[in-house]
Amino acid sequence: MFAYAGRRILATIPVMAIVALFVFSLLYIAPGDPAAIIAGDQATPADIERIRHNLGLERPFLIRFGEWSWNVIRGDLGTSIFTSLPVTALIAQRIEPTLSLMIVTLLLSIGIAVPLGVAAAWKVGTWIDSLVMGFAVLGFSVPVFVIAYLLAYVFALQLEWLPVQGYTPLANGVVPWFTNLILPSVALGTVYIALIARITRATMLEVLAQDYIKTAHAKGLSERGVLFVHALKNAAVPVVTVIGLGIALLIGGAVVTESVFVIPGLGRLTVDAILRRDYPVIQGIVLLFSFTYVLVNLGIDLAYMLLDPRIRY
Amino acid sequence: MTIRMDRRSLIKGVAGASVLAGAGGIAAPALSQGAAAKTLRFVPQANLANFDPIWGTQYVVRNAAALVWDTLYGVDEKLVPQRQMVESEQVSDDGLTWTFKLRPGLKFHDGTPVLAKDVVASLVRWSARDPMGLMLRGIQKELVAVDDSSWRWVLSRPYPKMLLALAKNNAPCSFIMPERIAQTDPFKQITEYVGSGPMRFVRDEWVPGARAVFAKFADYVPRQEKASWLAGGKQMLLDRIEWIIMPDAATASAALQNGEVDWWETPLPDLVPLLKKNRNINVDIADPLGNIGSFRMNTLFPPFDNVKVRRAVLMAMNQEDYMRALVGDDDALWKPLPGFFTPDTPLYNEEGGEILKMRNIEAAKKMLAEAGYKGEPVTCVVAQDQSITKGMGEVTAELLKKIGFNVDFVATDWGTTGTRRTSKSPPGQGGWNMFHTWHAGADCINPAAYTAIRANGEKAWFGWPDSPAVETEVTAWFDAKTLDEEKAAMKRLNKAALDYVVYAPTGFFLGYQAWRKNVSGVVKGPLPFAWGVSKAA
């Protein structure tokens, strides 16, 4: 297993190199010019040209890519064109809110979705199943921002239980930290809950039809024992796969959620950077997200071996 | 009956429901009651992505900079330059030598005194980027510190607009920085934010895109006169100002109603009626100088290289269509603008503006035919991520089609528009025929910072209009010694610019600001002035 993990980690290097080249090329050919944005609406073409020159934006692609790659290898993601702050510093400022949002969302989603999926499979064809599947369809169909606004309306404005917006760092206390994260996590997690619940139900139905489940019942095992020990463990591989793939969904959803709930995370940093064509920041964040995604996939692959001893790489 | 349910409707619904919810909420920061009352939470118009008011000329940067850096002069609410950091000035009889003296006791936030050498270095950097500064550079013979508190500016010809240049509120303002910072290349960003203004920038708490914090500067020495815009005594009644960046209008609206923020600079017009219904919130016009909507036609390529074609477009325009697209049914928010200068300011005039009052599609079609328009596509670049350009662009596209243009509507974003408009390539090869934008009314009160009105060909703003008649009147304004002379020159300029169609003004529009009723001292102005503002617990 360790050899496999080592090989996979080494394999991330060419993957990241391809991602880097792809991102850099995409930004190079994308329209838009940070110099024009910096110069402002009243600037003359000469002003814009001079700013472009100072930013080094007129230099050839290969030279810029070479310099950037060399710096990335040394751990330097560059400096933001707009803020003049190092990209690593900007990411460091923003990583806690996004990480907090993702972790709370993930825990909340798994904690709700897996029991829902199991219950729906267990009571297949009943009103419980219909209710869970109805929720899943709704959760999957309604955009994140709609859910966000509805939650803010009910829980922040009508009931005044929770704040409309903002983020409190964990260092300022667990309660204020969590209070600020409840609405964004529920908004972001709804689609994720729907996805996991549906997959859990489908997989559980398949497993519950297996002969060994019938044997377990025949042995006189309790319903709970059959469901959670025999069935769920064997249904876990596809569920874990979906949870892992859903991380990409969370990253995408975080952009909207952070904007609506004014959370100073990486999602908002990404949007701001794209709108301003702040190339170093975009490149840095995309690299980070890509690396995270590769690591998550690696984690999932390793989890397979733990969940199903028959799987060997 | 159809039920319309889109994002905007939903925003209104959520924000509207919040009116019923009333004030209150639990998201106030953990501050004591007294500290909370001395802390103002402000939602600015945009993100403070950089903080160099000379390098980046965005208005949000200028607004933040006005807290941190002071100016030598400042315009008051009558647009008259008044002394600010300056104690006195002398000008020689021939108008060529200006000698200025600083007020005593001025200090930078790092504790060092403000000296004449700091002023000189700051003016050198500012004058490399500012249109009026560039004019001064062009006639400058000497700019030197005489002693610690005085400096001299010697010119090769008189410059009657000197005090206006140093006092104006258009970006970039001539903010004064310590010499070591001001020596930075004006086309590179400063990295140290030390000023002598009434508030310090708390750099440690700056999260670009999310938050910026300003703390009261205890050693600031305000003038004794009453504050009036950028002039007079900048008395700070608050200890701390927190700028909270909120990209989502519905969230900002809800936060204001819940008391999570105190002052919102630019509420969405759709949400204003709902805010007005909330008994805890004041809503009023933000900047009486407003904005001028515009679209520019590229004079380098057919069909808009022909003045008759440009005039045909002006003949057909109905500015009300444009303004309704921007502000809806609120008549308090717009005015027709048959000219180029900001309404209700001294140089406003309607000379030559009859063409914008015609609204005659048939006459426009006839003129277009006379001009020999051959049906070539008109590349109309419209940024969709700015509600102003999106609204105006759609009106223009319809208008052009009505009078017989072959419209190539290019829907894009503001960043791309910013790049594409710099291109002098033919429209079919990455260039353009037309793009939409708007100008702050503060920039359009005279030709000083009004880049969009210039028609000096290659050096002009995008579209590169070339009209010696317009340029002659710009020079006449700079040379004018009395207001009457200025007015006469601007009447001639207005007519010349409309005859040539330097650009197409689509109307004058205003915006609102909103603040909680426990905040007092908010004034209307071209920027959100924080001096004189206080907050009750």
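The two atoms that bring A/Val164 and B/Ala255 nearest to each other are CG1-N, 4.2 Å, heavy atoms only. Closest approach of B/Gly209 and A/Asp272 over heavy atoms only: CA-OD2, 3.6 Å. Contact between A/Val262 and B/Met246 at its shortest, heavy atoms only, is CG2-CG, 3.8 Å. Between A/Gln93 and B/Pro208, the closest heavy-atom pair is OE1-CD, 3.6 Å. Between A/Phe82 and B/Trp55 the shortest heavy-atom distance is O-CZ3, 4.0 Å.
Using a 4.5 Å cut-off between heavy atoms, A/Ile274 makes no contact with chain B at all. Neither the backbone nor the side chain of A/Leu159 comes within contact range of chain B, judged by heavy atoms closer than 4.5 Å. Only the side chain of B/Ile244 comes within contact range of chain A, judged by heavy atoms closer than 4.5 Å.
Salt-bridge check for A/Arg268 with B/Asp248: failed, with every basic side-chain N at 4.0 Å or more from each acidic carboxylate O.
Ranked by non-hydrogen atom pairs under 4.5 Å with chain A, the options B/Thr422, B/Thr412, B/Val207, B/Val261 are led by B/Val207. In terms of heavy-atom pairs under 4.5 Å with chain B, the best-connected choice from A/Val271, A/Asn172, A/Ile81 is A/Ile81. The choice from A/Leu275, A/Leu269, A/Leu90, A/Leu85 that makes the most heavy-atom pairs within less than 4.5 Å of chain B is A/Leu85.
Looking at B/Arg211 and A/Pro264, their side chains never come closer than 4.5 Å, going by heavy atoms from C-beta outward.
The number of heavy-atom neighbours closer than 6.0 Å to CZ of A/Phe22, taken from other residues, nucleotides and ligands shown, is 12 or below.
Between the side chains of B/Thr251 and A/Gln165, no donor-acceptor pair of N or O atoms lies under 3.5 Å.
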